[in-house]
Every structure is written in structure tokens, then in C-alpha cells.
*Asks:* 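Just dropping this structure here.
Since the model is a prediction, treat every value here as computed from it, not as a measurement. In what follows, every heavy atom counts, from backbone to side chain, and hydrogens, waters and symmetry copies are set aside.
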Amino acid sequence: MEKIDFNFTQDGSVGMYDGITKDIFHSVTGAKKESFDKFIFSTGFEKYCKENNSVNVLDICFGIGYNTKAAIYFALNNNPKIKLKITALEISKDVAYLSPFIIDGYETPEIKLFLLAHFLQNYDDFTDYIKDYFRKEPDIKKNYFCPDMCLVFESYVNKGYGCKVSEAILEILHNIYYQNISDSMKIDLKANEWANVDFEILFDDGRVSAQNIKSGYNFVFLDAFTPHKQPLLWTYDFLSLIKSKISSDGILSTYSNSTPVRKTLFDLGFNLGKIILDNSQFGTVASFDKSKILHNLSDYDYGLMETKAGIPYRDKSLSDDSSSILKNREEEVSKCDIMSASEYKRKFGDGKI
Ligand SMILES: C[S@@+](CC[C@H](N)C(=O)[O-])C[C@H]1O[C@@H](n2cnc3c(N)ncnc32)[C@H](O)[C@@H]1O
């Protein structure tokens with residue numbers, strides 16, 4: 001965790017910067033806002049939840065959990081009875097373990113309490129890791145963590161509760177919160193919808209975890225670091241694996257508008273679209289079901305995909321490192337004699353609407 005910096009994004013939620021990949025975890029315009037815009041509003045998630053009794057979400061790159069939190073928030077708000085299953089893939093426990101504490105812009109603590117209960121129940125190293133983190137990083141705790149959640153964690157740990165059933169832990173955490181911290185919004189936890197939220201997080205390289213998950217995901221959130229910096233989870237081979245996990249009515253969304261990634265998804269048989277919000281366009285959505293695409297890519301975008309810029313990243317064994325994947329692609333680009341992206345742009349402009 002030494003190489004991670006924290007900051008407040010423009011919507012008041014905390015974002016992070018990774019010093020190793022030199023990449024941001026979250027958009028500066030808002031970490032929470034980004035999860036709503038790019039993974040919920042762009043995919044018809046709310047409508048789907050209203051119209052169905054169950055929804056399966058694959059959150060690739062959980063990080064500090066904004067996209068999982070958004071899925072829980074919108075699923076339960078649109079259909080309190082829905083059976084929500086979330087499978088999250090994340091390589092770093094150190095990062096994910098902070099998700100219940102981060103100032104995330106949600107007014108109520110319920111989702112953070114749910115994640116806290118999940119980690120307390122399932123991971124024996126969680127308690128010591130967080131105790132140690134609070135001790136070693138008092139400034140991060142003070143500036144970027146919710147004081148209430150830190151108090152709930154400390155009360156739970158100091159009282160030595162030994163209980164290992166998730167619902168019971170959640171109830172204890174909830175009681176600590178509403179008895180000691182806030183009197184408002186008391187709700188009966190046993191009667192509420194949390195029992196219908198089935199969350200699991202697989203801690204490994206996403207390329208390994210994805211081989212071991214079932215198929216049938218209705219929503220896939222792809223939030224890996226930028227393709228040209230860390231292409232591991234954007235290759236033809238990885239996305240081909242993900243294709244086999246998406247349901248026929250499923251939709252994949254990502255913040256990235258990378259041309260090799262779009263071309264890969266196109267070659268894999270997806271219909272493609274972009275995200276348009278507040279008069280700006282960004283990101284990519286992909287589905288086998290054409291009706292799921294709200295804003296199609298333009299002819300310009302499709303043309304660009306046929307240039308050198310569209311040459312996919314490859315990782316046949318699903319085990320190459322980023323630098324070899326980038327190097328192999330560069331070699332392929334230099335050998336290939338199709339039009340370059342710069343020639344295409346000279347000829348057809350920059351494609352802005
Ligand atoms: C852009 S951040 C994701 C932000 C996240 N969705 C959130 O809400 O905070 C990328 C995440 O990918 C994780 N990651 C990097 N390489 C990975 C890999 N090979 N497999 C799985 N996760 C990976 C990083 O630890 C980081 O948390």
C-alpha cells in the first residue's frame with residue numbers, strides 16, 4: 001500500500017492514485033459519480049432491477065468497491081425484494097479491505113456495514129490488517145475514512161465478539177452504529193433485504209479468478225487500470241473468457257474508449273455503444289442484445305477500429321506480464337501495413353460530435 005495516494009474527488013468522495021501503474025483508480029470528477037454514470041445509468045441497471053427478481057453482477061476490479069456499492073444501492077432501491085448476486089474480482093486485499101471505511105459519499109452506513117460484516121466474517125487477517133493500518137496511517141484514517149465506521153469497527157473488535165454468522169455480525173455492527181453513533185433511521189435488520197444480497201470477492205489475478213466463476217452475469221463492470229498502461233484485463237483472450245460468462249441479455253460496461261478494446265469486443269461478436277451523459281461521450285458498452293445499446297458507436301469510431309489502432313492486445317496463456325503484452329502488440333503494429341490512426345485522423349478529422 002506504500003504507493004497509493006488518496007484525494008477528494010469533485011463529488012466529495014475519496015479517490016485513489018496508484019504510484020506503481022501511475023494511474024488513477026477513480027475519475028477526478030467524482031469516484032461515486034463515476035460508478036453511477038459509467039456502470040449504472042449507462043447500462044439500464046435500474047430498469048433491469050425493477051423488472052426482474054434476480055440480477056447477477058460481475059465487478060472486475062473491485063478496488064475500494066464503488067461499483068459494487070452502486071450495484072447494491074440501485075438494486076435495493078429499485079426492487080427491495082431482488083436477489084442480488086455480486087462476484088467481485090480483485091488482486092489486492094490491502095486495497096479492498098479499506099472499502100468499508102472510505103468516505104464514499106453515501107449518506108447512510110448500510111452498505112459499508114454490510115461490507116464490514118462480510119470481511120469480518122470471511123477473512124481472518126482482516127481485523128489485524130485494519131488495526132495495523134489505523135496505527136500506521138493515522139493521517140489517512142483521519143482525513144479519508146468515515147470516523148463512524150472506524151468507531152464501529154473498533155467497538156466490535158474491542159468487545160471481542162466471536163460470532164461468525166454474517167447476518168449476526170451485520171446485526172451487531174448495525175446495533176453498535178445506531179445505539180452509539182446515530183439514533184436516526186433505525187430499521188429492523190432481520191426483516192430487511194440484506195439477506196438477499198449475496199456478495200463474494202475473489203482475491204487473485206482476475207485472469208485466474210475468471211476461469212473459476214460460473215456464467216450467467218447480467219452486468220459486467222470492467223474497471224481495470226488503463227489498457228495502454230496495464231493491458232492484462234483488456235486482451236482478446238481475457239475478454240473472450242469474459243464473453244463466455246455473460247448472459248445472452250447481459251451488458252458489459254467500461255469507462256474506457258480504447259480502440260483496441262472496442263475492436264476486440266466487436267470481433268468477439270458484441271454490439272457496441274458509447275456512454276453519453278451531460279453532453280459528453282465516454283466509455284464503452286457491449287452486449288449481444290442490440291436493444292441494450294442506447295448510443296451506438298459512430299461510423300467514424302468503427303472506421304478507426306479498422307486502423308492499426310484497432311489491433312488487439314493478446315495474452316494467449318492468460319499469464320503474460322503487461323510489458324510483454326504491450327511489446328508484442330507494438331511489434332504487430334509495426335509489421336502491419338494497414339492505415340495508421342494518425343493517417344485516418346488526418347483524413348477524417350478527430351471524430352468529435
Ligand atoms: C481502476 S482500479 C478499480 C477501482 C474500483 N472499481 C473502485 O471502485 O475503487 C483497478 C483495480 O484493479 C486491481 N487490479 C490490478 N491488476 C489486477 C488483476 N490482474 N486482477 C484483478 N485486479 C487487479 C487493482 O488492485 C485496483 O484495485
*Asks:* List for me each residue that meets side chain to side chain donor-acceptor pair (under 3.5 Å) alongside S319, sequence neighbours excluded, and say none if there are none.
*Replies:*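 With neighbours one apart ignored, the set is S317.
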*Asks:* Is the cationic atom of K93 (NZ for Lys, CZ for Arg) positioned less than 6.0 Å from the six-membered ring centroid of Y123 and within 45 degrees of its normal?
*Replies:*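 K93 over Y123 ring: no.
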*Asks:* Less than 4.0 Å between a side-chain N and a carboxylate O, is that true for K263 and E306?
*Replies:*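 Salt bridge: yes.
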*Asks:* Stepwise, does the side-chain contact (heavy atoms from CB on, under 4.5 Å) test hold for F221 with Y255?
*Replies:* CA-CA 9 Å; F221 303 156; Y255 69 88; over 6 Å; no
*Asks:* Checking ring-ring contact (aromatic ring centres under 6.0 Å, His included) between Y73 and each of F39, Y106, F45, which is the one that passes?
*Replies:*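 Only one option passes, and that is Y106.
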*Asks:* Are R135 and D132 close enough for a salt bridge, meaning some N to O gap below 4.0 Å?
*Replies:*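 The answer is yes: the pair qualifies as a salt bridge.
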*Asks:* Going through the distances and angles, do E331 and K335 end up as a salt bridge (Lys or Arg N to Asp or Glu O under 4.0 Å)?
*Replies:* CA-CA 6 Å; E331 278 170 20; K335 276 193 247 146; 5.3 Å; no
*Asks:* Could you give all pairs that pass the salt bridge (Lys or Arg N to Asp or Glu O under 4.0 Å) test and reach residues 309-323, with sequence neighbours left out?
*Replies:*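 For residues 309-323, and leaving out neighbouring residues, the salt bridge (Lys or Arg N to Asp or Glu O under 4.0 Å) pairs sorted by first residue read R207-D315.
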*Asks:* Take K22 and D18, measure what salt bridge (Lys or Arg N to Asp or Glu O under 4.0 Å) needs, and give me the verdict at the end.
*Replies:* CA-CA 5 Å; K22 303 207 181 328; D18 182 58; over 6 Å; no
*Asks:* When you measure from the centre of the six-membered ring of F134, is the NZ or CZ of K141 under 6.0 Å away and within 45° of the axis?
*Replies:*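 Output yes; distance and angle both within limits.
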*Asks:* Can you list the steps and then say if D94 with S92 is a side chain to side chain donor-acceptor pair (under 3.5 Å)?
*Replies:* CA-CA 5 Å; D94 291 3; S92 170; 5.1 Å; no
*Asks:* Report the residues that fulfil ring pair (Phe, Tyr, Trp, His ring centres under 6.0 Å) with F266, sequence neighbours left out, ordered by chain and then residue number.
*Replies:*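 Ring pair (Phe, Tyr, Trp, His ring centres under 6.0 Å) list for F266, sorted by chain: Y302.
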*Asks:* Check whether any side-chain N or O of K112 sits under 3.5 Å from a backbone N or O of M149 as a donor-acceptor pair, and report yes or no.
*Replies:*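 Side chain of K112 to backbone of M149, a donor-acceptor pair under 3.5 Å: no, none is there.
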